[in-house]
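Notes follow once the structure below has been shown.
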Amino acid sequence: MSSTVSKTVAIAGLGAIGLPLARALDAGVEGLRLIGVACRDPVNARARLADFQAEPRLMSLAELAEADIVVEAASAAAFEQVALPAIEAGRIFVPASCGALLPRMHLARLAQQTGARIVVPTGALLGLDAVRAAAEGPIDSVTIETRKPLAALAGAPYLVQNGIEVADLSEPLLVFNGNAMEAAAGFPANVNVAAALALAGVGPVRTKVRIWADPFVTRNVHTINVDAEAARFSMTIENVPSAGNPRTGRLTGLSLLACLRGLVSTLKVGS
Ligand SMILES: NC(=O)C1=CN([C@@H]2O[C@H](COP(=O)(O)OP(=O)(O)OC[C@H]3O[C@@H](n4cnc5c(N)ncnc54)[C@H](OP(=O)(O)O)[C@@H]3O)[C@@H](O)[C@H]2O)C=CC1
Ligand SMILES: O=C([O-])CC(=O)C(=O)O
């Protein structure tokens with residue numbers, strides 16, 4: 001069920017998240033209209049958009065701010081070029097690369113001045129409704145343990161900087177043990193889930209993160225453990241890697257679609 005007022009949407013990125021999301025919007029979602037997309041390679045983009053019913057405009061990252069809702073599904077490196085114009089223009093900004101938000105919380109203060117909203121999707125994670133509810137009261141601890149196939153972690157800055165080789169592992173290896181702020185810096189393409197968890201709960205310094213490179217898993221597996229005054233809970237999700245990008249679970253694009261629906265629907269389920 002959606003309201004009759006339609007909101008326009010623009011998306012940065014036409015990859016594992018952005019392309020299926022754009023396709024779903026093009027196929028028709030009541031209350032939402034895709035007007036623009038941005039990516040690096042316009043020739044390739046045109047090929048990807050060729051079978052769309054209503055081909056969206058190819059925009060620069062800054063031009064995306066013409067839309068009511070600006071989705072960032074590009075990269076941590078491109079995050080600010082999408083976020084700043086969108087927030088300055090008072091739009092609803094939905095970042096997939098939410099790890100890049102942690103060191104830029106001044107954007108949330110800017111949004112207060114411009115009337116923009118920053119809506120962080122649950123993305124590849126689960127349970128943020130319960131974490132947010134728990135965070136309305138006292139929370140003792142929040143941890144996330146992530147297990148990834150070796151290919152999903154290849155090239156992460158933390159591994160490169162610390163000379164940690166994962167390509168030929170025959171046993172699981174704990175490659176990172178720290179907090180969400182450090183994890184987002186060291187694994188910008190891998191632990192947006194930890195950033196979303198931190199923002200929902202006790203913040204990036206108190207949210208503990210462990211990352212395993214695991215040759216025995218074929219999915220991106222995330223387990224969260226929360227110990228709060230009101231409840232104790234543990235939840236695990238096993239994400240099937242996307243065909244286009246093994247770092248990204250297939251669920252992520254669907255989560256963004258569900259998030260966008262929630263922005264226009266008159267019936268919304270979950271807090
Ligand atoms: N919140 C969450 O739970 C999750 C978040 N993510 C994050 O979401 C983001 C997108 O992931 P995913 O779709 O898998 O990534 P992909 O690599 O599959 O796609 C990225 C897309 O962004 C475009 N892009 C990258 N940099 C720029 C730039 N500077 N200007 C314009 N376009 C750019 C690329 O353009 P081109 O096609 O021309 O190369 C490509 O279309 C990543 O930061 C990832 O870490 C991923 C999984 C879960
Ligand atoms: O958190 C991320 O950025 C990606 C991830 O782990 C997943 O898709 O499962």
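Keep in mind that this is a model prediction, so the values were computed, not measured. First listed ligand is number 1; within each ligand, the first listed atom is number 1. Values below: every heavy atom of this structure, side chains too, minus hydrogens, waters and symmetry copies.
An N or O contact shorter than 3.5 Å links Thr248 to ligand 1 by distance. Backbone and side-chain nitrogen or oxygen atoms of Asn190 are examined, and one is located within less than 3.5 angstrom of a nitrogen or oxygen of ligand 2. At under 3.5 Å, a nitrogen or oxygen of Gly249, whether backbone or side chain, sits near a nitrogen or oxygen of ligand 2.
Under 4.0 angstrom from ligand 1, there are no non-hydrogen atoms of His222. At a 4.0 Å heavy-atom cut-off, ligand 1 touches Leu61 through the side chain alone. Only the backbone of Arg247 comes within 4.0 Å of ligand 2, counting heavy atoms alone; no side-chain atom from C-beta on gets that close. When non-hydrogen atoms are compared, ligand 2 lies under 4.0 Å from the backbone of Val193 as well as from its side chain. At a heavy-atom distance under 4.0 Å, only side-chain atoms of Asn245, from C-beta outward, approach ligand 1. At a heavy-atom distance under 4.0 Å, atoms from both the backbone and the side chain of Ile17 approach ligand 1. If you look at Leu251 next to ligand 2, there are no close heavy atoms at all, none under 4.0 Å.
Other residues, nucleotides and ligands contribute only 12 or fewer heavy atoms inside 6.0 Å of the CZ atom of Arg232. In Arg117, the CZ atom is not crowded: 12 or fewer heavy atoms of neighbouring residues, nucleotides or ligands sit closer than 6.0 Å.
Of the protein's non-hydrogen atoms, Gly13 CA, 3.8 Å is the one closest to atom 23 (C) of ligand 1. Protein heavy atom nearest atom 28 (C) of ligand 1, with residue, atom name and distance: Arg40 CG, 3.7 Å.
Numbered from 1 in the order shown, with element, the atoms of ligand 1 that lie under 4.0 Å from a heavy atom of Ala76 read 43 (O). Taking every heavy atom of Ala189 and a limit of under 4.0 angstrom, the matching atoms of ligand 1 come to 45 (O). The distance from ligand 1 to the heavy atoms of Asn192 drops below 4.0 Å at these ligand atoms: 1 (N), 2 (C), 4 (C), 5 (C), 6 (N), 7 (C), 44 (C), 45 (O). Ligand-side atoms of ligand 1 in range of Ser97: 8 (O), 9 (C), 42 (C), 43 (O), range being under 4.0 angstrom from any heavy atom.
Taking every heavy atom of both residues into account, Val9 and Ala67 meet most closely at C-CB, 3.7 Å.
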